[in-house]
Participant: 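Just dropping this structure here.
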Amino acid sequence: MRLSRYPIFTTKEIPRTTELISHQLMLKAGLIRNVSSGIYSYLPMGYRVLNKVISIVKEEMNKIGAEQVLLPFIQPADLWKRSNRWKNYGEELLRFQDRKGGWFVLSPTHEELITQLVKELVTSYKRLPLVLYQIQIKFRDEMRPRGGVIRSREFLMKDAYSFSQNEKEMKEIYQQMRSAYERIFSRCHLKYKLVEAESGSIGGNLSHEFIALSPMGEDKIVECDNCGYLAKLEMANYSSAKDNDNEEIKPIKEVPTPGVKTIKDLSEFLHYRTSKLLKTLFYQTDKGLIGAVIRGDHQVNEEKLKKLVGAKKIQLAGEDAVKKETGIDVGFIGPVGINSQLIVDTTVMEGKNFVAGSNQKDLHFLNVNPGRDFQPWLVGNIRFPSSEDRCPRCGHSLSIRRGIEVGHLFQLGKLYSHALKARFLNKEGREDYFIMGCYGIGISRLPATIIEQNYDGDGIIWPIEVAPFEVVVIPTNEKTVDTSEEIYLNLQRAGLEVLLDDRDVSVGVKFKDSDLIGIPFKVILGNTWLKEKKAEIKNRKNGKIEKVKLDQVPKKIMELITYAK
RNA sequence: CGGGAUGUAGCGCAGCCUGGUAAGCGCGCCUGCUUCGGGAGUAGGAGGUCGUGGGUUCAAAUCCCACCAUCCCGACCA
């Protein structure tokens, strides 16, 4: 393509409200435009990248025998009622009515639809296993979209579904899918971790996530640097670091703390470490109001709390509810003398002489001791691990890292086939439910994630397999225009995706745009050509320049591309 | 859904507090000349319902109210 006629839309400035590098660079390089909250248009250069990612995904899906389908973006409510997700999916499911008053949804995922489809088409084990996938728009009405296309409401996703006659077969496909994912993310040059995960609203048993490492990521994982233990933060097991104190249990004592309401303030006011403070949080549950007691330096894991209590739903109680229950403002709540059922974290039970709220205004207690000063209803791990905790397997220290979820594998089992009565005849001639798996990749999230891991001060550094173009030819002098044209045509003939920057702009602009957009290789024709009759090939990633004779340019570029892969 | 901001030219912003010759700057865009190896210089030019709707006032981008939209933090979530 000739850049003089190609729609590129690079800019010098970006809104100061954007935070993520990938978001900034995608706007600056003119890959995407924001349309509405969490909704984006892809411009030609950005769509090229997206298509590169799609090609990789398709290739790897086809390699493991998955076939592509296209399911509708709009689904009737009936299917969702049958799986009970009409009720359970929540506000993220965007519902609407057609002119006849019938209810529909914008698809956030397609388990129901694919299960219904396969139910209608497959009636014998002889057609199994079956693996279908699609690359389709999804819509989830997120409360707060953020980070550009990393967390948008409308997004492109690859979702695959497998149907098997037994567990063993399903697990085999799961493994194949896992290998395919590893190849896909490697080809995208992503540094990632495969971690055990929760299955969330999709449902099912075993589940793994592919987390691309990034300090800006929304997901947290724990990793043991010694034995390699890996898990999502909310799923992670850990063994608590023991306070090896031989402290004596002291008598409880009041201490005035006028206006000191937060853990941070309390810590500074009394000169106590936050790990010596207790916080008591109230939750509304279907089992009544409960109080969760944890150390000041810890965070409650609501999922774990929910499981321990055996509640279906829990929600942090508002300040009004707390005041009604305890008669006191948030800030001076403590476990001593509370009527509510107390769920106490294990690490609290192991500690001594804590500082806690007294349930009286402007007053805290020193030397609060669990068991003596308050009685737990339940004791268990109800918190997220912290960096002080130890690996549950080997006892080594754990590190907490951030990342972006780019892929998710679920073993669904019979969850949806049961709900939708999707059965086949097995070898014994009996009806059996399909054993299902489902496997997602956040396609539209991938380009942004790749940028998060591949950029520098000048812009994006695309890995060769996802770059919008492989090489750009830049004449820097009027006398080299014809030669540039010649090289451009030669590169095109060699089957390369090549741009010719024939725009009437200064050389600096050409270099800057090329770097910003992240074209992997530049062929520069200027002084070196005029003096030495050689073209320069500059590598975007490492800045290295090689001087090459004209007829050697295509060959050299091909070598560099092969090497880069 | 709680908290905090913002909405002024295609893009990025100032002006608002203290109402009145302030519709202003930078980038980009158009024209001429000069430039041309890392976002050129110069001279001229086009371009704005000041988010929307009410209100106050002789007078509103500016003050008040409501609404809409967007962004950030949190909670939630694949």
Side-chain angles (χ1 to χ4, degrees), chain A residues 9-20 23-24 27-28 30 33-39 89-93 107-111 138-148 150-153 155-159 197-204 207-211 218-219 232 234 281 283 299-300 302-303 313-320 404-410 438-445 457-459 474-481 501 503-517 522 524-531 536 538 543 545:
Chain A
F9 302 103
T10 53
T11 59
K12 284 189 189 173
E13 287 166 307
I14 42 120
R16 60 181 168 189
T17 47
T18 54
E19 293 288 315
L20 288 190
H23 192 190
Q24 294 173 350
L27 291 170
K28 206 173 170 200
R33 294 285 297 176
N34 180 253
V35 174
S36 175
S37 177
I39 300 177
Y89 206 93
E91 293 296 310
E92 278 170 40
L93 183 64
S107 303
T109 174
H110 285 82
E111 283 80 15
K138 312 271 187 213
F139 192 91
R140 295 183 190 172
D141 198 0
E142 297 282 344
M143 279 179 193
R144 185 155 103 78
R146 68 182 85 182
I150 296 255
R151 179 162 222 86
S152 51
R153 294 195 296 169
F155 59 103
L156 197 61
M157 182 173 175
K158 188 272 330 182
D159 47 328
E198 280 191 285
S199 46
S201 59
I202 303 287
S207 171
H208 286 91
E209 279 180 26
F210 285 82
I211 304 288
E218 293 185 81
D219 291 297
K232 286 295 286 290
E234 62 266 26
L281 302 164
Y283 285 87
Q299 299 287 324
V300 172
E302 296 183 1
E303 281 301 314
K313 265 201 163 172
I314 65 168
Q315 197 188 3
L316 194 60
E319 294 196 13
D320 295 344
I404 298 160
E405 181 190 347
V406 288
H408 205 151
L409 310 175
F410 301 91
C438 104
Y439 320 91
I441 291 181
I443 300 275
S444 47
R445 186 178 274 190
D458 290 316
I474 301 179
T476 66
N477 188 308
E478 277 179 18
K479 293 175 190 161
T480 61
V481 168
D501 200 341
R503 292 177 297 170
D504 184 22
V505 295
S506 73
V507 183
V509 172
K510 296 182 183 185
F511 286 143
K512 290 287 183 190
D513 274 349
S514 165
D515 286 343
L516 174 60
I517 294 167
K522 287 191 265 290
I524 304 163
L525 286 149
N527 295 337
T528 313
W529 168 249
L530 295 176
K531 287 178 195 150
E536 289 173 54
K538 188 166 184 183
I545 296 174

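Lettering follows sequence order; numbering is per chain, from 1.
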Participant: Considering only the C1' atoms, how many Å lie between B:G28 and B:G19, rounded to the nearest integer?
Facilitator: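 These two C1' atoms come out 33 Å apart once rounded.
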Participant: Can you figure out which of B:G37, B:A75, B:A78 approaches the side chain of A:M143 most closely?
Facilitator: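 When the side chain of A:M143 is considered, B:A75 is the closest of B:G37, B:A75, B:A78.
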Participant: Would you sketch RNA chain B in dot-bracket for me? Only Watson-Crick or G-U wobble pairs with both distances under 3.5 Å count, crossing pairs as [ ], other-strand pairs as |, the rest as dots.
Facilitator: (((((((..((((......[...)))).((((((.....)))))).....(((((..]....))))))))))))....
Participant: What's the CD1-P distance between A:I524 and B:C36, to the nearest Å?
Facilitator: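 The distance from CD1 of A:I524 to P of B:C36 comes to 18 Å, rounded to the nearest Å.
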Participant: How close do A:S152 and A:P145 get, counting heavy atoms only, and between which atoms?
Facilitator: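 Shortest heavy-atom separation between A:S152 and A:P145 comes out as CA-CB, 4.4 Å.
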Participant: Starting at CD of A:E19 and ending at P of B:U70, how long is that distance when rounded to a whole Å?
Facilitator: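 Taking CD of A:E19 and P of B:U70, I get 18 Å after rounding.
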Participant: Hey, does the side chain of A:T480 reach the backbone of A:L525 with a donor-acceptor pair shorter than 3.5 angstrom?
Facilitator: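 It does hold such a pair.
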Participant: For A:R144 and B:C73, is the shortest distance between a side-chain N/O and OP1 or OP2 below 4.0 Å?
Facilitator: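 So the side-chain polar atoms of A:R144 do come within 4.0 Å of the phosphate oxygens OP1 or OP2 of B:C73, strictly under.
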Participant: So do A:R146 and A:H23 actually touch side chain to side chain, heavy atoms under 4.5 Å?
Facilitator: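 A side-chain contact is absent here, since even the closest heavy-atom pair is not under 4.5 Å.
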Participant: Quantified in whole Å, what is the P atom distance between nucleotide B:U49 and nucleotide B:G10?
Facilitator: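 So the two P atoms sit 8 Å from each other.
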Participant: Tell me: CG of A:L93 to C1' of B:C76, nearest whole Å?
Facilitator: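 Whole-Å distance recorded here is 16 Å.
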Participant: Output the rounded distance in Å from CG (A:D501) to C1' (B:G37).
Facilitator: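 Taking CG of A:D501 and C1' of B:G37, I get 13 Å after rounding.
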Participant: Reckon A:T476 touches a base, only the sugar-phosphate, or nothing at all at heavy-atom distances under 4.0 Å?
Facilitator: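 It contacts base atoms.
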Participant: Could you check if a side-chain atom of A:F511 sits within less than 4.5 angstrom of a side-chain atom of A:K538, using non-hydrogen atoms only?
Facilitator: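 No. Closest side-chain heavy atoms not under 4.5 Å.
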Participant: Answer with base, sugar-phosphate or nothing: what part of the nucleic acid does A:T528 contact at a heavy-atom distance below 4.0 Å?
Facilitator: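 Answer is base: heavy atoms of A:T528 come under 4.0 Å of a base.
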Participant: Would you compute the distance between atom SG of A:C438 and atom NE2 of A:H408 and round it to the nearest 0.5 angstrom?
Facilitator: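 That separation rounds to 8.0 Å.
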Participant: Please measure how far the P atom in B:A66 lies from the corresponding atom in B:A5, and state the result in whole Å.
Facilitator: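 Taking atom P in both B:A66 and B:A5, they lie 16 Å apart.
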Participant: With heavy atoms under 4.0 Å as the rule, sort A:E91 into base, sugar-phosphate or nothing.
Facilitator: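 Here A:E91 touches no strand at all.
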Participant: What are the two closest heavy atoms between A:L281 and A:V300, and how far apart are they?
Facilitator: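 Residues A:L281 and A:V300, closest heavy atoms: CD1-CG2, 3.5 Å.
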Participant: Using a 4.0 Å heavy-atom cut-off across all strands, classify A:Y439 as base, sugar-phosphate, or nothing.
Facilitator: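 Nothing, no heavy atom under 4.0 Å.
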Participant: Find which nucleotide of RNA chain B each of A:G148 and A:R503 is nearest to by heavy atoms, and output the residue with the more 5' nucleotide.
Facilitator: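 The residue closer to the strand's 5' end, by nearest nucleotide, is A:R503.
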Participant: Is A:F155 stacked on the base of B:A78, meaning ring centres closer than 5.5 Å and planes within 30 degrees of each other?
Facilitator: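 Aromatic stack with B:A78 present for A:F155.
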Participant: Nearest 0.5 Å please: distance from the CD1 atom of A:I443 over to the CE atom of A:M157.
Facilitator: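 Those atoms lie 9.0 Å apart.
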Participant: From the set B:G38, B:G74, B:U70, return the single nucleotide nearest to any side-chain atom of A:N34.
Facilitator: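 The listed nucleotide nearest to A:N34's side chain is B:U70.
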Participant: Which whole-number value in Å describes the distance from A:D515 CG to B:G37 P?
Facilitator: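 Result: 16 Å.
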Participant: Provide a list of protein-nucleic acid N or O atom pairs under 3.5 angstrom, restricted to nucleotides 40-51 of chain B.
Facilitator:
unit_1	atom_1	unit_2	atom_2	d
B:A40	OP2	A:S506	OG	3.0

Participant: Between B:G47 and B:G53, how many Å separate the two P atoms, rounded to a whole number?
Facilitator: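 Those two atoms are separated by 23 Å.
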Participant: Side chains of A:E405 and A:R445: closer than 4.5 Å at any heavy-atom pair?
Facilitator: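 Counting from C-beta outward, A:E405 and A:R445 do come under 4.5 Å.
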Participant: Looking at every heavy atom in both A:P475 and A:K510, which two are closest together, and how far apart are they?
Facilitator: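 Heavy-atom minimum between the residues: O-NZ, 3.5 Å.
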Participant: Please report the distance separating the C1' of B:A60 from the corresponding atom of B:C65, rounded so that it comes out in whole Å.
Facilitator: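 Roughly 15 Å separates the two C1' atoms.
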Participant: What is the distance from atom CG of A:L156 to atom CD1 of A:I441, rounded to the nearest 0.5 Å?
Facilitator: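 Between atom CG of A:L156 and atom CD1 of A:I441 there are 11.0 Å.
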Participant: Considering only the P atoms, how many Å lie between B:U70 and B:U34, rounded to the nearest integer?
Facilitator: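 Roughly 49 Å separates the two P atoms.
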Participant: Reckon A:G440 touches a base, only the sugar-phosphate, or nothing at all at heavy-atom distances under 4.0 Å?
Facilitator: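 No contact.
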Participant: Quick check: on RNA chain B, is the nucleotide nearest A:S36 upstream (toward 5') of the one nearest A:M157, or the reverse? Name the residue that is more 5'.
Facilitator: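 In this pair, the answer is A:S36.
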Participant: Describe the nucleic acid contact of A:S152 in one word from base, sugar-phosphate, nothing, applying a heavy-atom distance below 4.0 Å.
Facilitator: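 Here A:S152 touches the bases of the nucleic acid.
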Participant: Which whole-number value in Å describes the distance from A:I39 CD1 to B:A69 P?
Facilitator: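 My rounded result for the distance is 12 Å.
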Participant: Would you indicate what A:R445 reaches in the nucleic acid, counting non-hydrogen atoms under 4.0 angstrom: base, sugar-phosphate, or nothing?
Facilitator: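 Base contact.
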Participant: With a non-hydrogen cut-off below 4.0 angstrom, is A:I474 in contact with a base, only sugar-phosphate, or nothing?
Facilitator: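 It contacts nothing in the nucleic acid.
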Participant: Which part of the nucleic acid does A:E218 contact within heavy-atom distance under 4.0 Å: base, sugar-phosphate only, or nothing?
Facilitator: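 It contacts nothing in the nucleic acid.
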Participant: Students often get this wrong, so: under 4.0 angstrom with heavy atoms, is A:D458 touching a base, only sugar-phosphate, or nothing?
Facilitator: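 Result for A:D458 = nothing.
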Participant: Is A:K232 paired with A:E234 through a side-chain N to carboxylate O contact shorter than 4.0 Å?
Facilitator: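 The answer is yes: the pair qualifies as a salt bridge.
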Participant: Any base atoms under 4.0 Å from A:E142, or only sugar-phosphate, or nothing? Heavy atoms, all strands.
Facilitator: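 The answer is base, as A:E142 lies within the cut-off (heavy atoms under 4.0 Å) of a base atom.
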Participant: Show me the protein contacts with nucleotides 10-13 of chain B, counting only N or O atoms at under 3.5 Å.
Facilitator:
unit_1	atom_1	unit_2	atom_2	d
B:C13	OP1	A:R16	N	3.2
B:C13	OP1	A:R16	NE	3.3

Participant: For A:E91, look at atom CD and say whether over 12 heavy atoms of other residues, nucleotides or ligands are found less than 6.0 Å away.
Facilitator: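 At most 12 heavy atoms, drawn from other residues, nucleotides or ligands, come within 6.0 Å of this atom.
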Participant: What's A:K479 touching, base or sugar-phosphate or nothing? Going by heavy atoms closer than 4.0 Å.
Facilitator: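 No contact at all - A:K479 keeps every heavy atom at 4.0 Å or more from the nucleic acid.
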Participant: Grab the CD-P distance between A:E478 and B:U34 for me, whole Å please.
Facilitator: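 The distance from CD of A:E478 to P of B:U34 comes to 12 Å, rounded to the nearest Å.
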Participant: Quantified in whole Å, what is the C1' atom distance between nucleotide B:U21 and nucleotide B:A59?
Facilitator: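 Their C1' atoms lie roughly 14 Å apart.
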Participant: So how far is it from A:T476 OG1 to A:D501 CG, rounded to the nearest 0.5 Å?
Facilitator: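 Between A:T476 OG1 and A:D501 CG, I get 11.5 Å after rounding to 0.5 Å.
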Participant: Within this structure, what is the CZ-to-P distance between A:R146 and B:C71, rounded to whole angstrom?
Facilitator: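 Atom-to-atom, A:R146 to B:C71, this comes out as 12 Å.
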Participant: Walk me through it: do A:E111 and A:D159 pass the test side chain to side chain contact (heavy atoms under 4.5 Å, CB included)?
Facilitator: CA-CA 9 Å; A:E111 283 80 15; A:D159 47 328; over 6 Å; no
Participant: Rounded to whole angstrom, note down the C1' distance from B:U31 over to B:G38.
Facilitator: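 My reading of the C1' atoms in B:U31 and B:G38 gives 27 Å.
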Participant: Contact class for A:E302 vs. all strands (heavy atom < 4.0 Å): base, sugar-phosphate, or nothing?
Facilitator: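 Contact class for A:E302: sugar-phosphate only.
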Participant: Which heavy atom of A:F410 sits nearest a heavy atom of A:Y439, and at what distance?
Facilitator: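 Answer, listing the atom of A:F410 first, then A:Y439: O-CE2, 4.1 Å.
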